[in-house]
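A short write-up of the structure that comes next.
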Amino acid sequence: MKRILFLITGLITSIFAFSQGNNYAQNYKKFDGLAMTPPMGWNSWNKFACNVDENLIKQVADAIVATGMKDAGYTYINIDDCWHGERDSLGFIHPDPKRFPSGMKALADYIHSKGLKMGVYSDAGSQTCGGRPGSRGYEFQDAQMYAKWGVDYLKYDWCNTEGLKAEGAYKTITAALRKAGRPMVLSICEWGNDKPWIWGPTVGHSWRTTGDIFNCFDCVEDHGSWKSWGVMQILDKQEGLRQYAGPGHWNDPDMLEVGNGMPEHQDRAHFTMWSMIAAPLIAGNDLRKMSKETIGILTNKEVIAVNQDKLGIQGFKYAAKDSVETWLKPLENDKWAVVFLNRGKAAKPVEFDWQKTPITDDFAKRELNAAKTTYKLRNVWIKKDAGTTKKAFKATIPKQDVVMLLLSK
Ligand code: GLA
């Protein structure tokens, strides 16, 4: 009898909870329809680290328009770590009043008035990596503030998360963003520790696959408890992740270092490879002071088109010989991008006989068979047509540089 009473009470409580709208149910799914091609924009971290304030952000928003980057597709102006001030007596977060005296809503309004979108940064743990207040325990309040300010993109980091489970922590912030109701891109930044490519696609729009990049083409910097990685090291760490990327959910090999000090040929190779692997293209340099060469790289529309291809298929390494790698990316309308990447410190000749090299991409279910179909070649960096696949392609690839071809029927 006692048992029956117990069951009935339980049943009544559940019915009551549901009739109240079931306040406990949360939506752990990201906003759909965002980032259908890899997000493009700018982020403050790589160049400015903690030195961010509203004047810098406004100047960068002006520069992204003035330099033609907005026209080339860059949309998000993302403020990384260290914008934070303190939480108020109710726990709501506010920006640092010295650095952002006009407040975040005014800054978002400014950015939006330029036809751009605004991103902010937080962390799943108690503190951000830069020691500012993290969102742990304040997820729903933080999401409400971001929505109120008009934020469009949240990068959510993974420092100081002792005892947390990554999947659960990221689902919590997703639920909070859902509850706040303003569609935002969620950029998962847990460095690939807990295989975010497995659980990330429904929770966020991109996930970092590695630790932090730094502006070196082929090196590792050891900081003791962590390392930062050069461009080639990060590229190698993308191995095996191709099948997880697609429209709305991208592998993120970290932000661009183009314009931060590497020579032009290395910057070009970096930008090309990020385009080939369908990476978010988030510039990380000072857009107010760019050389002609840097602008030329960041705004090359034909290269960007490869990155932004609607099919959203991540490219793959087809072959590697000596220091030269051959990469391919299937594109819509039966096009292909083909890149010869020379990682070495001496120029290398390449010869690629399309007729004798039929290529099958099992993942994308695509075939590049020049014996059956003739493709026109376009050399996209020098912006010149380069014959067809009837003839073998011959070129010399300068050291740590690329030749990128677009194949179309
Ligand atoms: C981590 C992230 C970086 C950057 C810093 C900020 O290292 O991986 O991209 O956001 O934190 O402190």
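Keep in mind that what you see is a predicted model, and the values were worked out from it rather than measured. Atoms within a ligand are numbered from 1 in the order they appear, just like the ligands themselves.
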(request) Under 4.0 Å from a heavy atom of Gly130: give me the atoms of ligand 1 that qualify, with their elements. (result) 12 (O)
(message) Just to confirm my output: which protein heavy-atom neighbour is closest to atom 4 (C) of ligand 1, and how far is it?
(response) Asp80 OD1, 3.5 Å
(message) Under a 3.5 Å cutoff, is there a donor and acceptor pairing between the side chains of Asn193 and Glu190?
(response) no
(request) Kindly compute the distance separating OG (Ser126) from CD (Glu162), expressed to the nearest 0.5 Å. (result) 6.5 Å
(request) Compute the minimum heavy-atom distance from Trp191 to ligand 1 and say whether it is under 4.0 Å. (result) yes
(request) State whether Arg87 and Asp142 are salt-bridged, where the test is any N-O pair (Lys NZ or Arg NE/NH1/NH2 against Asp/Glu carboxylate O) under 4.0 Å. (result) yes
(request) Consider every N or O of Asp157 and every N or O of ligand 1, then say whether any pair is closer than 3.5 Å. (result) yes
(request) Below 4.0 angstrom from a heavy atom of Lys155, which ligand 1 atoms are there? Numbered from 1 as shown, please. (result) 3 (C), 4 (C), 9 (O), 10 (O)
(request) Could you find the nearest protein heavy atom to atom 7 (O) of ligand 1 and give me its residue, atom name and distance? (result) Asp212 OD2, 2.7 Å
(message) I need the atoms of ligand 1 closer than 4.0 Å to a non-hydrogen atom of Cys189, numbered in the order shown.
(response) 2 (C), 8 (O)
(request) Flag yes if more than 12 heavy atoms outside Lys195 fall under 6.0 Å of its NZ atom; otherwise flag no. (result) no
(message) If the cut-off is 4.0 Å to any non-hydrogen atom of Arg208, which atoms of ligand 1 fall inside it?
(response) 8 (O), 9 (O)
(request) For the residue pair Ser102 and Glu54, confirm or rule out a side-chain donor-acceptor distance under 3.5 Å. (result) yes
(request) Could you tell me the residue and atom name of the protein heavy atom closest to atom 5 (C) of ligand 1, and the distance to it rounded to 0.1 Å? (result) Trp45 CE2, 3.6 Å
(message) So that I can tick it off, tell me whether Asp96 and Lys98 are bridged by a salt bridge, with the cut-off set at under 4.0 angstrom between side-chain N and carboxylate O.
(response) no
(request) Walk me through it: do Arg136 and Asp123 pass the test salt bridge (charged side-chain N to carboxylate O under 4.0 Å, His left out)? (result) CA-CA 8 Å; Arg136 186 171 187 167; Asp123 187 290; over 6 Å; no
(request) Please write down residue, atom name and distance for the protein heavy atom closest to atom 12 (O) of ligand 1. (result) Asp81 OD2, 2.7 Å
